[in-house]
Amino acid sequence: YNGEEGIEDPDLLQGADRVGSINFVKDIAEINITHCKRKKIEFFIISENQTENLNQTLSLVEKYRKRKNTKIYLFDSATISDVLLSNLDSGELIIRRINDAQLFIYQLLLRRGAEIFKNAMQENGEKRISAVIVGLGRYGLEMFKALCWVAQVEGYRLKIDCFDKDPNAGDWMKMTCPEIFSPLHNGQEIAGDAYYQVEVHSGIDVHSSKFHEKLSKLKTTTMAFVSLGSDKENMQVAVEIREKFERMGALKAALNPLIYTVIYNHCITDTLAKAK
């Protein structure tokens, strides 16, 4: 099912064709599967519209509540869906809620996390992980949370600088993660605890000179994560950051910042990964 507006992404259509899918425009609950009562059926609700995802899931529950051997995978990161599903009578159905942004970040750190620690900068007998996160959408927020969790390790010092064009990004982050931003912990030397410091630079357009001025002051950056919502912008900013550190001479100083970005097009990903 692809909604009334249809799918314009040719790569997505080709991928769907390769797995032998049938494209529906009607509501997913209108698909008639009552004739295959014993067959195992799995629904994957994965559109970009999270409200529509929840509506489709509720429609399926209403129609197939009594059907056994049926699973629904709901891709959704909204808190409201977690609350609703926790109190929903799903009958015989099994519902799995999947936060795809969180899953993406966890898989990235599982596969590549070791290199973040290896690339840490030696400083006064300790190692410093200095991260720059550009864009505090779903992926950026999950990377922030994950780094605060996995990078607070004995022998390492963690510093995270976040950039977002929303002028209220700092206040929103402090509300979302109050303990992390608490002045009792943030930037404080506490015996027995790993040191960390986090800062949000709100109202900063990544295409402005102000962003590059602030980036120039972060000469000890060891990793950067870019997630701005589109492949084109993500690639452009990731390359600009790479060029910026080259100009600052970071590479000549044996500091090679790791740069990660979110790309949906797998063909571009394969090519970009080999770029010099």
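Just the heavy atoms: all of them, side chains too, but no hydrogens, waters or symmetry mates, feed the values below.
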Closest approach of [X] to [Y] (non-hydrogen atoms, all atoms of both residues):
X      : Y      : value
Ile241 : Ala224 : CG2-CB, 4.4 Å
Glu179 : Tyr196 : O-OH, 3.7 Å
Asp100 : Arg138 : OD1-NH1, 2.8 Å

inquiry  = Below 30° counts as parallel, above 60° as perpendicular, anything between as tilted: where do the rings of Phe144 and Phe181 land?
reply    =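 The rings of Phe144 and Phe181 lie parallel, inter-plane angle below 30°.
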Please list, one pair per line, the donor and acceptor atoms closer than 3.5 Å that link side chains of residues 183-190 to other protein atoms, with sequence neighbours excluded.
| from | atom 1 | to | atom 2 | distance (Å) |
| --- | --- | --- | --- | --- |
| Asn186 | OD1 | Val198 | N | 2.8 |
| Asn186 | ND2 | Val198 | O | 3.0 |
| Gln188 | NE2 | Pro183 | O | 3.4 |
| Glu189 | OE2 | Arg157 | NH1 | 3.1 |
| Glu189 | OE2 | Arg157 | NH2 | 2.9 |

request  = Sequence neighbours left out, what passes side-chain hydrogen bond (donor to acceptor under 3.5 Å, both in side chains) with Ser59? Give chain and number order.
outcome  = none
Pairing residues for Gln197 by the side-chain hydrogen bond (donor to acceptor under 3.5 Å, both in side chains) criterion, not counting sequence neighbours =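 Applying side-chain hydrogen bond (donor to acceptor under 3.5 Å, both in side chains) to Gln197 gives Tyr195.
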Residue that, paired with Ile45, satisfies side-chain contact (heavy atoms from CB on, under 4.5 Å) out of Asn55, Asn53, Ile95, Asp76 =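 In the set Asn55, Asn53, Ile95, Asp76, the residue that makes a side-chain contact (heavy atoms from CB on, under 4.5 Å) with Ile45 is Asn53.
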message = Is there a salt bridge (Lys or Arg N to Asp or Glu O under 4.0 Å) between Glu246 and Arg242? Walk through the geometry before answering.
response = CA-CA 6 Å; Glu246 176 72 23; Arg242 172 64 176 76; 3.2 Å; yes
task = Give me the other members of the hydrophobic cluster that Phe75 sits in, counting Ile, Leu, Val, Met, Phe, Trp and Tyr linked by side-chain heavy atoms under 4.5 Å, directly or via other members.
result = Phe44, Ile46, Tyr73, Ile98, Leu103
task = Decide, yes or no, whether a salt bridge links Glu42 with Lys40 under the criterion of side-chain N to carboxylate O below 4.0 Å.
result = yes
ask   = Tell me the side chain to side chain donor-acceptor pair (under 3.5 Å) pairs involving residues 199-209, sequence neighbours left out?
value =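 Residue pairs with at least one partner in residues 199-209: Asp161-His201, His207-Glu233.
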Residues in side-chain contact (heavy atoms from CB on, under 4.5 Å) contact with Ile41, at least two apart in sequence or another chain = Ile33, Cys36, Phe43, Arg67
ask   = Between CG of Leu215 and NZ of Lys244, what distance do you get to the nearest 0.5 Å?
value =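 One finds 6.5 Å between CG of Leu215 and NZ of Lys244.
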